[in-house]
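This report concerns only the one structure given below.
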2 protein chains.
Amino acid sequence: MQTRSKRPLTLRDVSEASGVSEMTVSRVLRKKGDVSAATREKVQEAARRLGYVPNKIAGALASQRVNLVAVIIPSLGNMVFPEVLSGISEELEGTELQPVVGVTDYQPEKEEKVLFEMLSWRPSGVIIAGLEHSDASRAMLKQAGIPVVEIMDTDGEAVDTSVGISHRRAGRIMAEEILKAGYKRIGFMGTKMPLDHRARKRFEGFTQTLAKGGVEIADQEFYSGGSALAKGREMTAAMLRRTPDLDFLYYSNDMIGAGGLLYLHEKGADIPAKIGLAGFNGVELLDGLPLQLATMDACRREIGQTAARIIAARNAEGASDEGQVVELSPTLSFGDTLRTN
Amino acid sequence: MQTRSKRPLTLRDVSEASGVSEMTVSRVLRKKGDVSAATREKVQEAARRLGYVPNKIAGALASQRVNLVAVIIPSLGNMVFPEVLSGISEELEGTELQPVVGVTDYQPEKEEKVLFEMLSWRPSGVIIAGLEHSDASRAMLKQAGIPVVEIMDTDGEAVDTSVGISHRRAGRIMAEEILKAGYKRIGFMGTKMPLDHRARKRFEGFTQTLAKGGVEIADQEFYSGGSALAKGREMTAAMLRRTPDLDFLYYSNDMIGAGGLLYLHEKGADIPAKIGLAGFNGVELLDGLPLQLATMDACRREIGQTAARIIAARNAEGASDEGQVVELSPTLSFGDTLRTN
DNA sequence: CTGAAAGCGCTAACAG
DNA sequence: CTGTTAGCGCTTTCAG
């Protein structure tokens, strides 16, 4: 139908091909304003025949509106963020808005760069992971004059609005359950990530609550890089060699927890009677393990949905420009690796 | 530093604040053309102080250039695509270009929508998964007048350029190795995905090669939804109940393969002597399993890098506008679940 | 090295 | 219901 052409088609081409003014063509193509069925048909036919694709750059400049929501996350390989994203997409599906993703690799400088880059496209809103940002990033977010939702975490001060869980509380709850179940000699394994503030907060909540119960972490180890499953396996083996009397292992994520679980299960360990295990995230991926790992879900999908809903609402007319804090409650699953007491 | 303002800052604001013409401000901010050190300093100081973020919409419209590469993939939850993406990002890092991701959920209509949407931003290139697209999508890709690289697969005709592996050949190679190892009673498990053409092609290559060796698939089962690990476990159990004399199980992806592996390992099956297993993808994630699953890597990262490099090269001056086919060679790993002879 | 003028392709705001 | 007139904020081009 179309002919090869170096220059992309413009509204004017459609206008000429259909004998209708540019303005009316624009109305038809945007389904905005009333146009008679006859001309509408003529225009659509011409547009289709030519293979016209509107130029959003020009449209956005003229209308001063860009229906994009910038979504800024640390990583895609983490399993948790794709789920947040699908919550966002799902929720935005019914609206004009579209998510655009930027990845920071947990680096504040990269976050700053990505944020700057995305804001320069003048999006209608920003959804960004975490509450910890560089001063420059916070300044940009404030200055942008658009709704900003910081997600995943509520332990801290948001620029505008935050949606997430309290990781301190999550660590605390896990510690309480472990104590309640009567475990005493507790080991911790996690990522060596000074910049993963949420893991850090969980760890803090965890150790502080143990301390209140008169228990101290008996051993701990941090890793970085490599296959998480393999790392969990190795670290668990090493830790039990070093501190054989541990009766509970708390992992900062489910993947290393699964590695530990597989290792102990093979060794014929008496789980959860003699040794208990728990991870974090509620990764559905792991459902087929020999034992179900105790874990705590982080409400990933729900966080995405809620954040997206807030942005969408604020973009609608007559929205209250108020910031808010939405704290979701993670649910603990005991699985097969934490005594229910 | 900045003041609250509803209206985002413009070049004119920076111009007024620095007492330098808009044009020269623009030159400084884009580091284009020669500007005296003194004025450059003045401009940069003003821009920083005000918190100016350039408006790329306006810039793109004026310059007729958008440094975006549209990347269109079926899914983010698949583990394989995030790796392709990181190959792309890595390769684009050194250039002006930036990837923008769109997800199709394996649905041709959604692909068409996403493609239309992305093309309307006039990107500098398109990287799109697969060779199978609707007529409309192919038309748009041809019409766009920008480099288009179809990735993952080379079994078929590309619009412009393709980079990937031959999935037919991958299936064939696996079949050859299985026959060579002397397995005879072979079961297949995979996703119920009429739209996953690559899985289909592997399956075809696999069965055709078995047939040449006088072997027919003894049993097969397809699933959809749910946790892949759990599905692999269940399907394996069911299949062996139904067809107990199977001596090899070929899985269309590593996750269900891992489920089967865990199941059989727990049952104390004699792997790989009495029963062999193989998956597909080379998912590093699974490195900590009790046995290493035989698999074939799909060159995910390398595909991303190559595709990005091609787009970048074509965007440089004096590039040959030629389409090409880049077929990469997947490597087979025997792991612990496929007899080496 | 710096500035002035003229759009990029589309849509808001008015007229008819 | 349809058309006309101005820009949107930046960059290209051409003069100084």
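Each chain gets a letter, A, B and so on, in the order its sequence line appears, and its residues count up from 1.
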_Between A:Thr24 and D:dC1, is there a contact of a side-chain N or O with OP1 or OP2 at under 4.0 Å?_
no
*Send over the distance from A:Glu22 CD to D:dA6 P, rounded to a whole Å.*
16 Å
*Taking atom P of D:dG3 as reference, at what distance in whole Å does atom CG of A:Asp34 sit?*
15 Å
*asked:* For D:dG9, does the base pair up with any side-chain atom of A:Arg122 as donor and acceptor (N or O, under 3.5 Å, distance only)?
replied: no
_Spacing between B:Leu61 atom CG and D:dT12 atom C1', to the nearest angstrom_ = 12 Å
*asked:* I want to check one thing: is the phosphate of C:dT2, taken as OP1 and OP2, less than 4.0 Å away from some side-chain N or O of B:Arg40?
replied: no
*Which atom of B:Ser18 lies closest to which atom of B:Val25, heavy atoms considered*: OG-CG2, 4.1 Å
*With sugar-phosphate meaning primed atoms plus P, OP1 and OP2, does B:Asn55 contact a base, only sugar-phosphate, or nothing at under 4.0 Å between heavy atoms?*
sugar-phosphate
*Can you check whether B:Tyr52 has a side-chain N or O nearer than 4.0 Å to OP1 or OP2 of D:dG9?*
no
*Considering just the side-chain nitrogens and oxygens of B:Ser21, establish if one lies under 4.0 Å of OP1 or OP2 belonging to C:dG3.*
yes
_Rounded to whole Å, please give me the gap between CE in B:Met23 and C1' in D:dG9._
12 Å
*Does any N or O donor sit under 3.5 Å from an N or O acceptor when you compare the side chain of A:Arg7 with the base of C:dG9?*
no
*asked:* How many whole angstroms separate atom CZ of B:Arg27 from atom P of D:dC10?
replied: 15 Å
_Under 4.0 Å from OP1 or OP2 of D:dC1: is there any side-chain N or O of A:Thr39 that close?_
no
*asked:* To the nearest 10°, give me the bend of the helix from C:dC1-D:dG16 to C:dG16-D:dC1, comparing the axes of its five terminal pairs at either end.
replied: 30°
_Option among B:Ile151, B:Val325, B:Val326 that satisfies the side chain to side chain contact (heavy atoms under 4.5 Å, CB included) test with B:Ser162_ = B:Val325
*Please state how far atom CD1 in B:Ile57 lies from atom P in D:dG7, giving the value in whole angstrom units.*
21 Å
*Hey, could you give me the CD1/CG distance between A:Ile146 and A:Asn315, rounded to the nearest 0.5 Å?*
8.5 Å
*Please report, rounded to the nearest Å, how far the P atom of D:dG9 is from the CD atom of B:Gln64.*
18 Å
*For atom CD of A:Glu41 and atom P of D:dC1, their distance in whole Å*: 16 Å
*Using a distance-only test with no angle check, is there a side-chain donor-acceptor pair under 3.5 angstrom linking A:Ser86 and A:Arg301?*
yes
